[in-house]
Amino acid sequence: MITNETVAPLYAPALVRSLARAAAVVETITLPDGEAHKSWTTLNRIFDVLLDKRFDRRCLLVALGGGVIGDMAGFAAAVYQRGVDFVQVPTTLLAQVDSSVGGKTAINHPAGKNMIGAFHQPRLVIADVATLATLPPRELPAGLAEVVKHGFIADVGYLDQVEADLPALLAQDAAALTRAVAGSCRIKAGVVAQDEREGGLRAILNFGHTFGHAIEAGLGYGQWLHGEAVGCGMVMAADLSRRLGWLPDDEAARVRDVVRAARLPVTGPGWTPERYLSLMEVDKKAEQGTPKFVLLERLGRPRVSRVDEAPLFETLRATTEQADARPAGATGQ
Ligand code: NAD
Ligand code: GLY
């Protein structure tokens with residue numbers, strides 16, 4: 001079982017007890033916490049233990065934690081002795097609705113996030129919403145960004161349900177959380193089943209991410225949580241979709257209202273459009289330096305496209321704190 005020093009004291013004992021009923025040997029590997037440790041050095045600690053304890057290819061890796069642990073344990077499983085099985089036990093909302101499903105595994109390289117990795121599907125994902133009770137307060141809205149994203153890109157009926165459930169979700173109502181986790185996994189798994197390796201369709205899962213990555217990179221990773229940046233990025237992408245004459249005004253306004261109701265930022269840092277563009281161009285999903293955007297023709301109908309600078313710059317002026325020279329905070333709404 002692979003976990004980190006924050007999650008281990010909370011949930012490792014119960015999981016170890018449960019695993020011990022089924023496995024001959026259960027070994028716990030506790031890694032340091034944080035995105036900074038999603039690295040070769042930390043990954044090697046997993047291999048050191050597995051080799052030292054002589055685990056062979058019949059071993060099963062179990063990831064207990066958020067997306068950082070899931071991505072790292074999944075990558076370890078993809079390459080240990082040319083591939084072993086793994087199970088995801090995600091304990092953040094983001095991991096339960098997004099990163100634990102779909103088989104993307106990776107570590108970071110100094111040149112970029114998630115640059116070294118593999119597609120490797122978990123045999124099983126067990127999401128227990130009771131674990132979310134101990135999350136730091138900003139993590140729940142950050143996970144909700146990916147929940148509402150699934151509604152925006154794929155299923156207006158699901159969006160209606162999530163929008164109505166938002167107060168209950170923010171209050172950690174177990175039934176509402178279970179509906180959101182199940183609904184998001186159904187939508188994400190449906191997309192991944194059609195396009196596992198991101199040849200095309202899977203890119204729609206990156207709605208809000210081109211703008212969001214620019215915000216994360218420009219502020220320095222960790223200033224805004226990924227979900228906070230994606231929340232704001234979705235408002236920007238909806239605004240751009242509206243300016244292109246695709247998304248109706250009321251639907252773009254709905255995107256902003258839902259993001260705000262999820263307690264996520266709806267206004268980006270007040271940088272020049274040129275600075276945003278340069279930050280987008282280093283986004284790994286950009287091809288030939290020209291950013292691609294996931295936009296909306298209607299709610300539930302995404303379209304991936306490059307755009308002219310003029311409407312993009314209009315969006316960047318309209319959705320960022322252009323009039324405010326202070327640095328934007330994580331709740332810059
Ligand atoms: P995280 O794993 O860093 O978890 C956030 C914090 O919450 C950490 O400090 C963690 O120790 C703590 N934590 C986790 N569960 C807890 C709990 N139940 N109670 C208390 N604290 C808890 O962050 P995250 O948002 O879960 O994941 C982000 C990572 O996921 C990034 O590395 C990103 O690249 C990756 N990701 C991967 C995919 C994918 O498809 N594979 C998709 C999205 C994001
Ligand atoms: N989080 C985007 C994807 O899984 O493709």
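Computed from a predicted model, the values in this text were never measured in an experiment. Whatever order the structure lists them in is the order used to number ligands and atoms, beginning at 1.
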Determine whether the side chains of [X] and [Y] contain a donor N or O and an acceptor N or O closer than 3.5 Å.
X: Tyr11; Y: Thr3; result: no
X: Asp71; Y: Thr105; result: no
X: Asn206; Y: Lys292; result: no
X: Asp239; Y: Thr319; result: no
X: Glu35; Y: Asn108; result: yes
X: His150; Y: Ser184; result: yes

If we only count heavy atoms from C-beta on, is the [X] to [Y] side-chain gap below 4.5 Å?
X: Tyr221; Y: His226; answer: no
X: Leu277; Y: Pro291; answer: yes
X: Leu10; Y: Thr131; answer: no
X: Asp128; Y: Val89; answer: no
X: Cys59; Y: Val84; answer: yes
X: Leu31; Y: Glu5; answer: no
X: Glu216; Y: Phe211; answer: no
X: Val125; Y: Pro90; answer: yes

For [X], the ligand 1 atoms whose distance to one of its heavy atoms is below 4.0 Å:
X: Thr131; answer: 17 (C), 18 (N)
X: Asp33; answer: 8 (C), 9 (O), 10 (C), 11 (O)
X: Tyr11; answer: 18 (N)
X: Leu10; answer: 19 (N), 20 (C)
X: Glu35; answer: 31 (C), 32 (O)
X: Asn4; answer: 10 (C), 11 (O)
X: Lys38; answer: 31 (C), 32 (O), 33 (C), 34 (O), 35 (C)

Which residue owns the protein heavy atom closest to [atom], what's the atom, and how far is it?
atom: atom 1 (P) of ligand 1; value: Val68 CG2, 3.9 Å
atom: atom 38 (C) of ligand 1; value: Ser99 CB, 3.2 Å
atom: atom 6 (C) of ligand 1; value: Glu139 OE2, 3.8 Å
atom: atom 19 (N) of ligand 1; value: Thr134 OG1, 2.7 Å
atom: atom 22 (C) of ligand 1; value: Leu135 CD2, 3.8 Å
atom: atom 21 (N) of ligand 1; value: Pro136 CD, 3.8 Å
atom: atom 1 (N) of ligand 2; value: Asp98 OD1, 3.4 Å
atom: atom 35 (C) of ligand 1; value: Asp71 OD2, 3.4 Å
atom: atom 7 (O) of ligand 1; value: Thr92 CG2, 4.1 Å

Using a 4.0 Å heavy-atom cut-off, say whether [X] meets ligand 1 through its side chain, its backbone, both or neither.
X: Val7; result: side chain
X: Asn114; result: side chain
X: Leu225; result: neither

| task | Check ligand 2 against Arg202 and write out every atom of the ligand that is under 4.0 Å from a heavy-atom position of the residue. | result | 3 (C), 4 (O), 5 (O)
| Should one rank Thr91, Thr6, Asn108 by closest heavy-atom distance to atom 15 (N) of ligand 1, which comes out on top? | Thr91
| query | Nearest to atom 30 (O) of ligand 1 by heavy atom, Ala36, Gly222, Gly227, Gly67: which? | reply | Gly67
| message | When you measure from the side chain of Thr42 to the backbone of Lys38, do you find a donor-acceptor pair of N or O atoms at a distance under 3.5 Å? | response | no
| Of all the heavy atoms in Lys188, does at least one lie under 4.0 Å from an atom in ligand 2? | yes
| 4.0 Å heavy-atom contact, Lys188 with ligand 1 | yes
| Does ligand 1 have an atom under 4.0 Å from some heavy atom of His226? | no
| Less than 4.0 Å between atom 43 (C) of ligand 1 and some protein heavy atom, yes or no? | yes
| query | According to the interplanar angle, ranging from 0 to 90°, do the rings of Phe152 and Phe207 count as parallel (below 30°), tilted (30 to 60°) or perpendicular (above 60°)? | reply | perpendicular
| Can you find an N or O of Lys104 that's nearer than 3.5 Å to an N or O of ligand 2? | yes
